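Values in this document were obtained by computation on a predicted structure and should not be read as measured data. In what follows, chains are A, B, ... by sequence order, proteins preceding strands, each numbered from 1.
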2 protein chains.
Amino acid sequence: MSIKKPSGSRDNESVNFTDTTSEQKTLRADARRNRERVLEVATKVFATEGLAVPIDEIAGRAGVGIGTVYRHFPTKEALFEAVIVNFKQHLIEKAEEMLVQDDSNTAFYNFLSLMLRESTVNRAIIAAIASSAVNAHRPLTGISLDFQNTLEKLLKHAQEAKSVRDDIRVTDVTAILFGLARSMEQYSDDPELPERILSVLCDGLRRR
Amino acid sequence: MSIKKPSGSRDNESVNFTDTTSEQKTLRADARRNRERVLEVATKVFATEGLAVPIDEIAGRAGVGIGTVYRHFPTKEALFEAVIVNFKQHLIEKAEEMLVQDDSNTAFYNFLSLMLRESTVNRAIIAAIASSAVNAHRPLTGISLDFQNTLEKLLKHAQEAKSVRDDIRVTDVTAILFGLARSMEQYSDDPELPERILSVLCDGLRRR
DNA sequence: TGACAAACGGAGTTTTCATTCCGTATATTA
DNA sequence: TAATATACGGAATGAAAACTCCGTTTGTCA
């Protein structure tokens, strides 16, 4: 995975987003249609094949020219960012739902379970979590911050309900999720494996 | 990370080794010296900067020409493989030591701890574990198999000593290790994080 | 120490992509 | 429906890296 940069700087497979929430002026009808279609295709392709897919192919599958992709998303990274922002939005909504519907004891664990299950079929989720990595040097903003806040809310509730040991921080959760999600994708042969790993994780997080 | 392949096949960032245990005929003195030096430099470079480092640079740092690197290691992947084989050898030795010195209750956990600690400073270890991924389609051979067997021995002992729940399989351990190692590397800012994660993991693995 | 096989170095080749550019096509709107 | 700003397509560009080739150098051994 990892986007190939044409100039300099060896790539360290981390992605830094600016979380630009740009206001969109009125697009011509065909333009809007194409933009949407590209985003849709990119979402599917990144999810199933990872980041290494060339832009040419995304353009092809979306039935548009390369130029069109680039007009809407100035770089490959920008396209990817757009996909991730969408996805995080989705996760945040799910989490909020769980916060309301489930009790504090289970909301957190249900969310972990959701994330890990999704990660077996969606490679983009991993990048999504990764981009929420707290970098110490570059504080989170925009949707990444929202995502972290939501996760924090879930965690706090669970800790108040005494169902998660309280030395755990959001960063720990993010780190663990990121790592495990990443490995699920490797070992997708054994269908029970995610279950077992999830149960190990949950047991470990519970207070002793 | 992931090696850029010149021809076809989109890269999926998984590495498949053949674990060739080649018998070495007598090399000329300078050749042996160079080979060793390249391997040494590659080990250090891969560990600290990951796989994305160009061969040119490894050659440069080793004080040899590119051609020399390629004469000893026909592809970049072969060079990487050689590094990993060395490293696995090292891990196996450590594990065997622990099997003898420590009691069954702690040997396994000590080994996990070792792996995770190493992974914070050695990015190659992650690839090492990854290459031990059971692929169902391609059974393990050579050193990867040895490594898995050793891990299995540690796990069995721990399970017999009732200190690890017994539905856990080696594959689970590999998956978890791989994942967590991967995440350590991302979040290397918080020095306590590895400790907490390790403790979550250990608690989770213990029988309920 | 001279012959020569074994190694060496590194310029050049090849491949893969991201990204740019510009001539052509088409929504929009008056 | 004509004028025109917007978009479109995709060939061309450029850069990064892996890998090859061959003229030059050097260890080895008689």
Side-chain angles (χ1 to χ4, degrees), chain A residues 1-13 15-16 24-39 41-42 45-46 49-83, chain B residues 1-13 15-16 24-39 41-42 45-46 49-83:
Chain A
M1 206 161 297
S2 85
I3 293 172
K4 190 207 247 173
K5 304 205 189 88
S7 65
S9 100
R10 190 158 309 134
D11 115 48
N12 254 344
E13 82 196 32
V15 183
N16 280 312
Q24 62 222 65
K25 51 184 172 181
T26 343
L27 289 174
R28 229 170 69 175
D30 55 345
R32 175 157 45 260
R33 213 179 316 128
N34 280 334
R35 196 196 136 90
E36 224 156 81
R37 179 124 188 70
V38 168
L39 200 51
V41 168
V45 168
F46 285 152
E49 305 185 34
L51 255 179
V53 181
I55 289 285
D56 308 42
E57 186 160 328
I58 292 175
R61 294 207 206 171
V64 302
I66 315 161
T68 301
V69 174
Y70 274 94
R71 198 156 325 92
H72 293 299
F73 307 96
T75 63
K76 188 179 184 179
E77 192 166 319
L79 172 57
F80 184 59
E81 174 179 354
V83 168
Chain B
M1 210 162 294
S2 82
I3 294 171
K4 190 207 247 172
K5 303 202 189 89
S7 63
S9 101
R10 189 159 308 133
D11 113 51
N12 253 343
E13 82 196 32
V15 184
N16 280 312
Q24 61 222 64
K25 49 183 173 181
T26 344
L27 290 173
R28 229 170 67 176
D30 55 346
R32 174 157 47 260
R33 213 179 316 127
N34 281 332
R35 197 196 135 89
E36 224 157 80
R37 179 124 187 71
V38 167
L39 202 51
V41 169
V45 168
F46 285 151
E49 304 184 36
L51 256 179
V53 181
I55 289 285
D56 310 41
E57 186 161 329
I58 292 175
R61 294 208 207 171
V64 302
I66 314 160
T68 299
V69 174
Y70 276 95
R71 198 158 324 95
H72 291 300
F73 308 95
T75 64
K76 188 179 184 179
E77 192 166 318
L79 172 58
F80 183 58
E81 173 179 354
V83 169

Would you kindly give the [atom1]-to-[atom2] distance between [X] and [N], to the nearest whole Å?
X: A:R35; N: D:dC8; atom1: CZ; atom2: P; result: 11 Å
X: B:K76; N: D:dC19; atom1: NZ; atom2: C1'; result: 12 Å
X: B:E57; N: D:dA18; atom1: CD; atom2: P; result: 11 Å
X: B:E77; N: D:dC19; atom1: CD; atom2: C1'; result: 14 Å
X: A:L51; N: C:dT16; atom1: CG; atom2: P; result: 19 Å
X: A:I55; N: C:dT16; atom1: CD1; atom2: P; result: 17 Å
X: A:F73; N: D:dC8; atom1: CZ; atom2: P; result: 11 Å
X: A:I58; N: D:dG9; atom1: CD1; atom2: C1'; result: 17 Å

Just N and O in the side chain of [X]: are any of them under 4.0 Å from OP1 or OP2 of [N]?
X: B:N34; N: C:dC8; result: yes
X: B:T68; N: C:dG9; result: yes
X: A:H72; N: D:dC8; result: yes

Problem set entry | Salt-bridge criterion met for B:R32 and B:E36 (N-O under 4.0 Å) |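 Salt bridge: no.
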Which heavy atom in [X] sits nearest to a heavy atom in [Y], and how many Å separate them?
X: B:R28; Y: B:D30; result: NH2-OD2, 2.9 Å
X: B:L79; Y: B:A42; result: CD1-CB, 3.9 Å
X: B:A78; Y: B:F73; result: O-CD2, 4.3 Å

For this session: At under 4.0 Å between heavy atoms, which parts of nucleotides 21-30 of chain D does protein reach? Answer with one letter per nucleotide, 5' to 3': B base, S sugar-phosphate only, - none.
Result: -----BSS--
For this session: Might you work through the side chain to side chain contact (heavy atoms under 4.5 Å, CB included) test for A:R37 and A:V64, ending with a clear yes or no?
Result: CA-CA 9 Å; A:R37 179 124 188 70; A:V64 302; 5.6 Å; no
Problem set entry | Donor-acceptor under 3.5 Å (B:K76 side chain, B:L51 main chain) |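 Checked: pair present.
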Exercise. From the list D:dG9, C:dG9, C:dG10, which nucleotide is the closest neighbour of the side chain of B:V64?
Worked result: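 That would be C:dG9.
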For this session: Show the numbers, then the answer: is there a side chain to side chain contact (heavy atoms under 4.5 Å, CB included) between A:R35 and A:L27?
Result: CA-CA 10 Å; A:R35 196 196 136 90; A:L27 289 174; 4.2 Å; yes
Exercise. 5'-most contact on DNA chain C: B:G63 or A:D56, nearest heavy atom basis?
Worked result: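 By nearest-heavy-atom nucleotide position, the 5'-most residue is B:G63.
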